[in-house]
Amino acid sequence: MSTASPVPVDPEVTHDTGDPVGEVLVDWYAGAARDLPWREPGTDAWAVLVSEVMLQQTPVARVEPVWRAWLARWPAPADLAAATPAEVIRAWGKLGYPRRALRLREAAVAVTERHGGVVPAEVDELEALPGIGTYTARAVACFGYGRRQPVVDTNVRRVVARLVHGRAEAAPARTSDLVDIAALAPADDARAVRFSVAVMELGALVCVAGNPRCGACPVRDRCRWRLAGYPAHDGPPRRVQRFAGTDRQVRGRLLDVLRAAHEPVQPDALVAAWDDALQRSRCLDSLLVDGLVVQTDDGRFSLPD
DNA sequence: AATGCGTGGAC
DNA sequence: TGTCCAAGCAT
């Protein structure tokens, strides 16, 4: 799992001007940013929160249409709070990790009950919401409310690992990540907010995991990884999670059947989803525990209404 | 703290 | 084809 060789540096692209890294990245972002719907002016904190939850471990292209439909249907937290779990699980579609859909609904309930239907702007209040952790809380405060906040996701950790620490890959998330990135942020608050999204964008478009495009990087001339000659990752290789044949696949298949059915289904109807009875049963149990599935009095299964 | 949790595009 | 990867969180 070695990192592919970076693209050779294009000598025509910008040189180190001596400007602080944070300022350079904000200026780069102005010309390089993708035109994503949740970045449009006027996007409120609820819409930002929904986008951030959907984007957890999920590619942008898959999120866009679901995000639009979701906000058209539930434009405010109170709207989603009034929906049933079955409705949100179906609306989640095939984004993956459907427990996120349940937690997003639970977060909407909490916002409605505890915060008068207004998404809180404080990081500690955001972190107290279901499904909202270290990253998402800061992303909502920063991108939804314009607060200066260190925002660290997998892209940012990879950029800091290379640019600052000279390592090929990011270490697991640490609280020191927040300090590292805060040290690079511009002094001006509005630019600090754009800096947070700019670093993520650099990691998503240029300083990518597999085949970094260093020739297009605005800060390559001060990248410690590049200056050190692109040393290979020296830690233990990261294991990619298997999918085929796992409970995750089986759960997905079972939920697929139940999303399509608009009446509770007999246990027999789930055999088509997965033929191994033991694994099917185990996965059904875990879906029941998670609240993604319920069983009727007569033994049939459905999404939770 | 290591693990489980979906899905599908790219190469 | 199989492998890698994509804006994490909860336990």
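Each chain gets a letter, A, B and so on, in the order its sequence line appears, and its residues count up from 1.
Spacing between B:dG4 and C:dA7 at atom P, rounded to whole Å, works out to 22 Å.
Here the C1' atom of nucleotide B:dT7 and the CZ atom of A:Arg242 are 17 Å apart, to the nearest Å. Rounded to whole angstrom, the span from the CD atom of A:Glu52 across to the P atom of C:dG8 amounts to 9 Å. To the nearest angstrom, C1' of C:dC5 lies 10 Å from CZ of A:Arg158.
Across all strands shown, A:Arg103 has heavy atoms under 4.0 Å from sugar-phosphate atoms exclusively, and none from any base. Residue A:Leu36 is in base contact, counting any heavy-atom pair closer than 4.0 Å across all strands shown. A:Arg174 comes within 4.0 angstrom of nothing in the nucleic acid, heavy atoms only. Among the protein residues, A:Thr154 comes within range of the sugar-phosphate backbone only, with heavy atoms under 4.0 Å from sugar or phosphate atoms but none that close to a base. Among the heavy atoms of the strands lying under 4.0 Å from A:Asp247 are primed sugar atoms or P, OP1, OP2 only; no base atom is included. A:Pro98 comes within contact range of the sugar-phosphate backbone alone, with a heavy-atom separation under 4.0 Å but no base atom that close.
The base of B:dT7 lies close enough to the side chain of A:Arg62 for a donor and an acceptor atom to sit less than 3.5 Å apart.
Using a 4.0 Å cut-off, no side-chain N or O of A:Gln56 falls inside it from OP1 or OP2 of C:dA7. OP1 or OP2 of B:dG6 sits under 4.0 Å from a side-chain N or O of A:Arg251. For A:Thr136, a side-chain nitrogen or oxygen approaches OP1 or OP2 of C:dC9 to under 4.0 Å. Residue A:Arg39 places none of its side-chain N or O atoms closer than 4.0 Å to OP1 or OP2 of C:dA7.
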Which pairs of donor and acceptor atoms, one on a side chain in residues 77-89 of chain A, lie under 3.5 Å apart (sequence neighbours left out)?
{"from": "A:Asp79", "atom 1": "OD2", "to": "A:Ala76", "atom 2": "N", "distance (Å)": "2.9"}
{"from": "A:Thr84", "atom 1": "OG1", "to": "A:Glu87", "atom 2": "N", "distance (Å)": "3.1"}
{"from": "A:Thr84", "atom 1": "OG1", "to": "A:Glu87", "atom 2": "OE1", "distance (Å)": "3.4"}
{"from": "A:Glu87", "atom 1": "OE1", "to": "A:Thr84", "atom 2": "N", "distance (Å)": "2.8"}

Which pairs would a plain distance check flag for residues 261-274 of chain A, meaning a side-chain donor or acceptor within less than 3.5 Å of a matching protein atom at least two apart in sequence or in another chain?
{"from": "A:Trp274", "atom 1": "NE1", "to": "A:Gln279", "atom 2": "OE1", "distance (Å)": "2.8"}

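For the pair A:Val152 and A:Arg174, the minimum side-chain heavy-atom distance is 4.5 Å or more.
Salt-bridge formation is not detected for the pair A:Arg103/A:Asp290: no Lys NZ or Arg NE/NH1/NH2 atom is positioned less than 4.0 Å from an Asp or Glu carboxylate oxygen.
Considering every non-hydrogen atom in both A:Glu23 and A:Ala187, the closest pair reads OE2-N, 4.4 Å.
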